[in-house]
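So that the names make sense, note that chain A is the first sequence line, chain B the second, and so on, each numbered from 1. Basis for what follows: all heavy atoms, side chains included, without hydrogens, waters or symmetry-related copies.
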2 protein chains.
Amino acid sequence: MTEIAAALERALPAGRVVADPDVLASYAHDQAAWAPYEPPAAVVRPRETAEVAAVVACCAERGAPVVARGAGTGLSGGANAVAGGVVISFEAMDRILRIDADERLAVVQPGVVNDDLRAACAEHGLWYPPDPASSPWSTIGGNVATNAGGVCCVKYGVTRDYVLALEAVVGRGEVVRVGRRTAKGVAGYDLAGLLVGSEGTLGVITEVTVRLRGARAAERTVVGCFDALTDAGRAVAAVTSSGVVPSALELVDRYCLRAVDDWKQMGLSDSGDVLLLARCDAPGAAGDEEAATIEACFASAGAAWSARSTDPEEADALFAARRLVYPALERLGPVLTEDVCVPRMLVPEMLARIERIGAEEEIRIANVAHAGDGNLHPLMIVPPGDEAARARAERAFDRIIDEALALGGTVTGEHGVGLLKMRGLADEAGPAVLALHRAVKEAFDPAGIFNPGKVFR
Amino acid sequence: MTEIAAALERALPAGRVVADPDVLASYAHDQAAWAPYEPPAAVVRPRETAEVAAVVACCAERGAPVVARGAGTGLSGGANAVAGGVVISFEAMDRILRIDADERLAVVQPGVVNDDLRAACAEHGLWYPPDPASSPWSTIGGNVATNAGGVCCVKYGVTRDYVLALEAVVGRGEVVRVGRRTAKGVAGYDLAGLLVGSEGTLGVITEVTVRLRGARAAERTVVGCFDALTDAGRAVAAVTSSGVVPSALELVDRYCLRAVDDWKQMGLSDSGDVLLLARCDAPGAAGDEEAATIEACFASAGAAWSARSTDPEEADALFAARRLVYPALERLGPVLTEDVCVPRMLVPEMLARIERIGAEEEIRIANVAHAGDGNLHPLMIVPPGDEAARARAERAFDRIIDEALALGGTVTGEHGVGLLKMRGLADEAGPAVLALHRAVKEAFDPAGIFNPGKVFR
């Protein structure tokens with residue numbers, strides 16, 4: 001047992017500290033397997049905020065790194081363990097503390113799984129919108145730490161838009177509550193918003209209060225099939241120009257469709273090369289008009305075929321398939337996941353540049369995208385064990401980042417900086433803004449223990 | 001001419017520095033006349049960002065306070081001048097730099113008046129939602145600095161929800177750009193969101209990029225008239241419980257109605273004691289259903305009468321009257337403006353407590369409220385020259401703050417902390433969170449020059 005593990009054993013009730021090396025190894029990294037990691041010196045599974053505060057205090061005394069971890073579904077290495085560090089896993093803090101239907105808010109522990117919260121809200125006729133592809137597994141704490149997006153955020157916004165208040169452990173173990181429970185409030189700095197998306201570098205989140213919406217009208221689904229990626233990109237631009245705000249506008253290419261088919265035998269890839277999956281949810285006749293407009297946009301951009309789905313089960317299956325893209329591709333070998341976001345009208349141009357980079361670097365790049373947001377996820381697929389291909393994939397990854405910045409975009413739309421986008425963030429932010437980051441981190445983390453070496457240096 | 005004014009004269013092109021004492025006096029305070037202020041040592045009217053940076057550098061060298069000012073319509077003293085300080089007025093930086101209909105964003109200088117931006121967007125079929133009552137006069141820079149709310153934010157959110165990116169001068173004159181122009185982005189800390197609502201204490205905003213929405217469907221208006229404030233409060237709670245999200249839900253009491261009538265002869269106060277003005281904007285039949293639900297809620301709470309307005313001009317006149325409440329009351333003498341926000345379901349209870357405080361302190365308290373948000377604006381009206389009444393009004397002001405906190409509310413829903421809510425913020429945030437505020441301010445403002453003595457100490 002490491003010295004820090006022994007110290008944590010003394011500081012916490014029995015059964016919280018994991019020291020078994022095999023178990024430790026299972027907490028060493030998230031799903032960005034290409035990012036560096038070390039086995040942690042200890043893993044703790046606290047049951048309440050006071051225990052988290054004790055862990056942080058113990059680590060602050062010793063200068064030991066603290067890495068908070070939800071379900072480990074991150075794709076940027078943000079939850080990867082650090083040498084000599086302690087991983088705080090929130091699997092035992094997974095309770096929904098309160099759902100208030102009148103005030104439309106929920107109070108949850110960070111370990112609650114996204115889909116579990118959504119299901120509990122639905123029982124009250126309420127809806128928690130943020131829906132990352134990882135929603136069956138990922139936790140609200142992780143979603144908050146990375147400001148997770150998802151499919152419906154093209155219309156309904158991202159995690160930050162739903163976080164009202166947070167409890168967190170900062171500094172050397174101080175428990176703070178920031179934000180509010182009212183619909184509005186401007187008392188002081190938006191420290192809750194600042195903690196959202198800070199990827200564990202400012203403190204450890206121990207409780208989350210989220211805003212909820214009322215359940216919405218049934219969605220309509222429009223499917224379009226295109227022969228070329230750039231045609232699909234033009235269809236996305238057409239929808240944007242039309243003024244309709246879809247509640248989903250997803251792009252899935254043939255590589256992704258085939259990978260899901262090979263795994264789940266869904267017959268998706270028979271229909272064509274690139275699918276656009278759109279949804280809209282205006283109530284009543286307005287929703288029919290939205291669906292008709294989207295279909296017309298698909299047709300005008302040269303869709304091989306397009307249709308409004310009349311079968312809700314079929315429509316749900318298509319979106320379920322989109323959710324399975326990551327695990328399906330990972331079955332084929334190492335996958336390097338991009339996450340750039342460009343101005344919406346530049347989606348066709350960015351897709352063309354990605355195709356060119358793939359051809360030049362001789363790397364198969366599969367594309368899945370929250371296309372309505374301009375948020376693209378090119379997926380670099382490498383044959384297992386092919387080190388040369390891996391190096392080319394990493395070069396393609398960097399080139400895609402550069403092209404996104406050249407188009408006025410950002411290096412990460414929703415996955416976070418973690419380890420994989422640190423160079424990109426430095427380029428995007430520039431020295432003066434990075435200096436502000438360092439100063440803000442120092443304000444929250446004077447001991448320099450919260451997820452050190454991640455996001456920026 | 002003061003020493004700092006002379007230094008600014010040397011640092012800036014001709015015609016930027018105001019030193020005439022009479023003109024200086026007109027920049028000494030915002031509309032919170034009860035908050036302390038000093039005549040500024042100088043006023044500058046920069047024309048571009050580089051000039052703002054030069055002003056900040058000049059002030060940082062000398063340790064001179066910098067107070068940014070929009071139109072001076074603030075109600076908390078946030079823009080009040082500080083002894084020996086420089087007021088930066090943005091009246092000459094009032095250009096709309098770009099409206100991008102495809103990406104649905106606008107780039108503006110901070111001195112653009114809110115209504116002017118809204119009008120310019122409307123020409124493109126677009127909509128900038130935040131609509132504070134001051135929108136005919138207040139500027140986007142001021143709106144951003146205070147995270148201004150307004151009438152439609154019950155459905156569409158506040159200024160922070162629409163700020164994509166900011167340019168600001170921080171530190172000792174460094175120009176930084178924070179935020180993004182894409183629909184999504186998680187590259188680094190949300191420093192743009194942190195600057196929103198920071199009331200000039202972290203830096204000076206020099207350019208604002210805002211998100212826009214498409215023009216929405218025509219609104220329907222429902223008016224309800226109630227005999228008692230608490231009945232109106234129960235109607236608000238009923239609307240909240242119904243699940244309908246109105247696009248406006250305003251409360252105006254008889255004192256406010258009479259003050260507007262006395263000024264503008266609109267005949268508003270003939271109809272009853274408390275008006276609720278609701279709007280809804282779902283398209284088509286769904287909007288009719290929303291309006292019917294709201295009317296039923298009004299009736300169930302005991303409305304003396306309620307009606308769906310069939311005359312758009314009449315409906316607009318009612319909302320215009322609501323906007324005139326502040327200036328109308330200010331004609332009668334000093335007005336101390338409250339701005340608390342409580343959980344929506346507690347609006348009736350909070351209104352009852354306000355009535356009790358008014359009775360006990362023998363102060364006439366008029367009420368106007370963004371009731372659907374739980375954001376109440378009790379207005380303490382004092383006879384001119386009555387110092388005893390003024391002291392009682394200040395006591396009532398403090399008691400209302402305490403009651404809002406006791407109900408789980410916040411001391412300021414949308415006006416900001418400025419000078420009037422500093423005690424309230426300290427009580428609401430507590431020492432650990434205030435310490436974080438100080439550390440964050442130090443990160444942005446190592447020279448301690450940005451709006452010192454405001455918001456917190």
Heavy-atom contact with chain B under 4.5 Å, split by part of Asp373(A): both
Which of Val244(A), Asp339(A), Leu202(A), Leu105(A) touches chain B most, by non-hydrogen pairs under 4.5 Å: Leu202(A)
Top contributor to chain B contacts, counting heavy-atom pairs under 4.5 Å, from His437(A), Arg344(A), Arg438(A): His437(A)
Pairs of heavy atoms under 4.5 Å with chain A: top-ranked of Gly372(B), Ala439(B), Cys341(B): Cys341(B)
Pick from Leu126(A), Leu346(A), Thr201(A) with the largest number of heavy-atom pairs that fall under 4.5 Å of chain B: Thr201(A)
Distance-minimising heavy-atom pair for Lys184(A) and Gly413(B): CB-O, 3.6 Å
Top contributor to chain B interface from Val433(A), Val170(A), Leu434(A) [non-hydrogen pairs under 4.5 Å]: Val433(A)
Residue-level interface, residues 187-197 of chain A with chain B, non-hydrogen cut-off under 4.5 Å: Ala187(A), Gly188(A), Tyr189(A), Asp190(A), Leu191(A), Gly193(A), Leu194(A), Gly197(A)
Contacting region of Phe444(A) [heavy-atom separation from chain B under 4.5 Å]: both
Sequence-distant partners of Glu403(B), side-chain hydrogen bond (donor to acceptor under 3.5 Å, both in side chains), two or more places apart: Arg353(B)
Residue Glu103(B) versus chain A: region with a heavy atom under 4.5 Å: both
Part of Glu199(A) lying under 4.5 Å from any heavy atom of chain B: side chain
Residue among Gly185(B), Cys153(B), Gly214(B) with most heavy-atom pairs under 4.5 Å to chain A: Gly185(B)
Contact winner vs chain B - Pro446(A), Ala237(A), Pro343(A), heavy-atom pairs under 4.5 Å: Pro343(A)
Closest-packed option against chain A by number of heavy-atom pairs under 4.5 Å, given Thr410(B), Val158(B), Thr412(B), Val440(B): Thr412(B)
Under 4.5 Å from any heavy atom of chain B - which part of Val340(A): neither
Proximity breakdown for His415(A) and chain B, heavy-atom pairs closer than 4.5 Å: backbone
Contacting moiety of Val342(A), where chain B heavy atoms sit under 4.5 Å: backbone
Where Val176(A) and Ala432(B) come nearest, the two heavy atoms and their spacing: CG1-CB, 3.7 Å
Residue, of Asp161(A), Val175(A), Asp102(A), Val455(A), that accumulates the most heavy atom pairs under 4.5 Å with chain B: Asp102(A)
Over all atoms of both residues, closest heavy-atom pair of Ala443(A) and Leu436(B): O-CD2, 3.9 Å
Least distance between heavy atoms, Val186(B) atom then Val417(A) atom: O-CG2, 4.1 Å
Nearest atoms (heavy-atom pairs only) where Thr240(A) meets Arg104(B): O-NH2, 4.4 Å
Arg177(A) versus chain B, the contacting section by heavy-atom distance below 4.5 Å: backbone
Contact class of Glu414(A) relative to chain B, heavy atoms under 4.5 angstrom: both
